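Working notes, beginning with the structure itself.
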Amino acid sequence: MIKKTKLIFLLAVIILCSASANAGEQAIIIASQGKVETLYSGQTEWAPLKPGTALNPRDSIKTRDNSSVDIKLAGSVIRLKENSFVKLGDIEKQRDNIKITEIDLRKGKILATLTELSPDSKFNITSPVAVSGVRGTSFSVTILPDNSSTELRVVKGEVVFECKNELDKYIKVTKLTSSVISPWKFAEIGAEGNGVLSRKILGEQIPANASLKHLPITEEEYSSKFGALAKVTTERSARIDAYRKLAEIMHGTVIDSKTTLENYAIKNDSIRTTVKGVVKGAGIINTGYYSDGAISIDMKIKSKKIVDRLIPLTGDIFGSNYLASPEVIEIDDFGDYLEIIELNTND
């Protein structure tokens with residue numbers, strides 16, 4: 001009887017310990033807006049999700065139009081934006097005894113502010129092609145419309161951004177910079193070229209000391225104001241600037257954690273020549289005309305065209321995915337910035 005009692009007591013302790021461990025791995029819903037649903041692990045029907053609900057590993061969450069949900073997990077807060085879908089992963093021990101909290105983003109966007117991770121913990125957000133590994137920072141991860149390409153934008157701290165299943169291909173993205181990982185078949189590079197109207201072309205039409213405001217105007221207004229020669233030469237200047245920027249971006253393509261395409265171009269002039277030649281086939285997406293005589297041209301090109309042309313010269317060094325070198329984020333172009341700061345303040 002005593003042995004039986006001890007056995008029951010031991011089983012109870014094990015159950016309680018197990019429950020305690022699972023509770024530590026739970027995600028807690030702290031705020032929601034609009035229609036938010038969850039699919040509990042092992043279930044087949046989605047259920048409404050409300051603040052205060054606790055979720056466990058392998059549970060899924062999705063948001064509808066104009067909806068969002070804030071989740072506290074592992075001492076950090078993430079916000080799942082509208083039309084998004086995530087699956088909570090496990091917390092596990094790696095060989096180096098680092099605990100990994102993992103969220104699998106299948107669709108949409110996550111904003112995250114991670115402030116309470118211990119030194120032996122790490123937070124990963126995965127997507128179909130990328131892994132974003134962080135220890136304490138604020139950032140956003142977005143799956144782009146092709147449903148696989150992934151964009152990372154960092155507000156504070158540093159994020160290791162690596163190609164999924166290509167772990168030697170990674171970069172560190174730091175404060176107020178961004179990067180994209182994309183399958184080559186979807187990858188596009190784009191750049192804005194800018195041309196400035198030469199005073200020599202203006203001649204006496206507008207005095208050299210005239211104050212010209214930089215305001216958008218129509219192509220017809222531009223031609224009428226500055227003439228055909230000014231339009232042709234300034235457009236050409238903008239195109240050349242765009243080609244140069246496209247080539248620089250392509251040369252910044254990450255081949256592995258230590259090498260970019262630029263390294264190969266330095267060793268082989270034909271690589272640089274090929275990139276320049278293919279880049280000149282980029283398409284013009286938009287042309288902007290301005291009242292001070294400036295012209296801007298937005299251009300894009302499919303990266304796969306460049307890779308296909310370069311493989312005969314370099315061999316297949318590119319891997320499965322394009323990994324863009326980090327670029328500075330213009331605050332005016334980073335609509336998530338203030339929202340992430342607010343998320344951090346409300347935590």
Side-chain angles (χ1 to χ4, degrees), residues 144-146 149 151 177-180 182 184-253 261-262 265-266 269-310 313 322 324-335:
L144 300 179
D146 61 40
S149 299
E151 180 183 51
T177 58
S178 67
S179 180
V180 172
S182 181
W184 286 109
K185 65 180 179 179
F186 295 131
E188 287 185 331
I189 56 173
E192 180 185 86
N194 294 287
V196 179
L197 186 61
S198 168
R199 289 290 179 181
K200 292 180 180 179
I201 294 176
L202 285 176
E204 297 181 356
Q205 184 177 355
I206 296 178
N209 62 354
S211 176
L212 298 175
K213 294 182 178 180
H214 186 74
L215 299 173
I217 58 176
T218 66
E219 182 178 359
E220 291 75 16
E221 289 172 332
Y222 187 97
S223 297
S224 176
K225 185 173 184 178
F226 299 110
L229 179 61
K231 179 175 178 293
V232 170
T233 55
T234 309
E235 282 180 344
R236 180 177 180 276
S237 176
R239 279 198 303 274
I240 291 173
D241 188 43
Y243 290 145
R244 176 184 60 80
K245 290 176 180 176
L246 287 172
E248 287 179 353
I249 293 169
M250 196 64 227
H251 282 134
T253 297
L261 184 57
E262 182 71 26
I266 290 172
D269 287 339
S270 61
I271 294 176
R272 186 181 295 275
T273 301
T274 299
V275 170
K276 287 182 178 179
V278 179
V279 160
K280 286 187 178 180
I284 296 176
I285 305 302
N286 182 61
T287 303
Y289 301 91
Y290 299 91
S291 57
D292 61 355
I295 293 178
S296 65
I297 293 181
D298 294 323
M299 304 185 82
K300 279 190 176 181
I301 187 170
K302 291 284 187 182
S303 297
K304 189 175 186 301
K305 292 182 179 179
I306 300 175
V307 173
D308 289 344
R309 287 281 299 275
L310 286 174
L313 299 174
Y322 164 72
S325 57
E327 295 184 358
V328 174
I329 302 169
E330 298 292 339
I331 293 299
D332 291 344
D333 186 41
F334 194 6

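Here the structure is a predicted model, which is why all the values come from computation and not from measurement. Throughout, numbering of the chain's residues begins at 1 and tracks the sequence.
Annotation for A282 and L246: closest pair CB-CD1, 3.7 Å, computed over non-hydrogen atoms. The nearest pair of heavy atoms linking G195 to A238 is N-CB, 3.6 Å. Between K225 and S291, the shortest heavy-atom distance links the atoms NZ-O, 3.0 Å.
A donor-acceptor pair under 3.5 Å is absent between the side-chain atoms of S149 and the main chain of L144, judged by distance alone. Not a single donor-acceptor pair under 3.5 Å links the side chain of T234 to the backbone N or O of K231. The backbone N or O of A324 lies less than 3.5 Å from a partner atom in the side chain of S179, making a donor-acceptor pair.
Taking NZ from K304 and OH from Y322, the interatomic distance works out to 16.0 Å, rounded to the nearest 0.5 Å. A distance of 9.0 Å separates CG of D146 from NZ of K185, quoted to the nearest 0.5 Å. Here the straight-line distance linking atom OG1 of T287 with atom CD of E192 works out to 10.5 Å at 0.5 Å rounding. Atom-to-atom distance recorded for I285:CD1 and I301:CD1 is 11.0 Å, nearest 0.5 angstrom. Atom CD1 of residue I189 and atom OG of residue S303 lie 5.0 Å apart, to the nearest 0.5 angstrom. For the atom pair NZ (K305) and CE (M250), the distance works out to 13.0 Å, reported to the nearest 0.5 Å.
Taking 4.5 Å as the limit, some side-chain heavy atom of V279 sits within range of a side-chain heavy atom of I306. Side-chain contact between E188 and S182 is absent, with no heavy atoms from C-beta onward closer than 4.5 Å. Two residues are said to be in side-chain contact when any heavy atoms from C-beta on lie closer than 4.5 Å; R236 and V232 fail this criterion. Inter-residue side-chain proximity for Y290 and S296 is flagged as met; some heavy-atom pair is nearer than 4.5 Å. Inter-residue side-chain proximity for H251 and E248 is flagged as unmet; no heavy-atom pair is nearer than 4.5 Å. Two residues are said to be in side-chain contact when any heavy atoms from C-beta on lie closer than 4.5 Å; L197 and Y222 meet this criterion.
Between R244 and D241 there is a salt bridge, with a side-chain nitrogen of the basic residue lying less than 4.0 Å from a carboxylate oxygen of the acidic one.
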Give the intermediate values and the outcome of side chain to side chain contact (heavy atoms under 4.5 Å, CB included) for residues R272 and E262. CA-CA 8 Å; R272 186 181 295 275; E262 182 71 26; 2.9 Å; yes
Should V307 and T253 be marked as a side chain to side chain contact (heavy atoms under 4.5 Å, CB included) after you check the CA-CA gap, both sets of side-chain angles, and the distance that decides it? CA-CA 11 Å; V307 173; T253 297; over 6 Å; no
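Residue-environment remark: NZ (K302) exceeds the threshold of 12 foreign heavy atoms within 6.0 Å. The number of heavy atoms from other shown groups lying within 6.0 Å of NZ (K245) is above 12.
Side-chain atoms of Y289 and E220 form no donor-acceptor pair, as typed in the model, at a separation below 3.5 Å.
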